[in-house]
Amino acid sequence: MKERQDAKDELRTQVWLPADTSRRLRAIAERAGLRPEQILAQLAEHAVLGDDGAVSVARCIPERG
């Protein structure tokens, strides 16, 4: 049942990024030994929404999992 709930809560999406942002993301992922989508997922895990509506991500170290 938990697996079913987890699958229901998963999000699958396509993200189209500008070329310069895409290159930066790929370089970061390569340096961390991860795939770009893993970097984005980890950033999303650390993202917080402020009272003013601003989204921020505290400094974090990518983890290989």
CD/Gln38 to CG/Leu40 distance, rounded to the nearest 0.5 angstrom?
10.5 Å
Residues which pass side chain to side chain donor-acceptor pair (under 3.5 Å) with Thr21, listed by chain and number, not counting sequence neighbours
none
Can you list the residues that meet the side chain to side chain donor-acceptor pair (under 3.5 Å) rule with Arg23, with sequence neighbours excluded?
none
Work out which heavy atom in Leu34 is nearest to a heavy atom in Pro62; give both atom names and the distance.
CD1-CB, 3.7 Å
Taking only residues two or more places apart in sequence or in another chain, which ones pass side-chain contact (heavy atoms from CB on, under 4.5 Å) with Glu37?
Arg35
First locate atom CG of Leu25, then atom CD of Glu30, and finally report the distance between them rounded to the nearest 0.5 Å.
11.5 Å
Check residues 43-57 and write down every donor-acceptor pair under 3.5 Å in which the side-chain atom is one partner and the other belongs to a residue at least two apart or another chain.
from	atom 1	to	atom 2	distance (Å)
His46	ND1	Gln42	O	2.8
Asp52	OD1	Ala54	N	3.0

Which residues pass the side chain to side chain donor-acceptor pair (under 3.5 Å) test with Arg24, sequence neighbours left out?
none
Shortest non-hydrogen contact from Ala29 toward Pro36:
CB-N, 3.6 Å
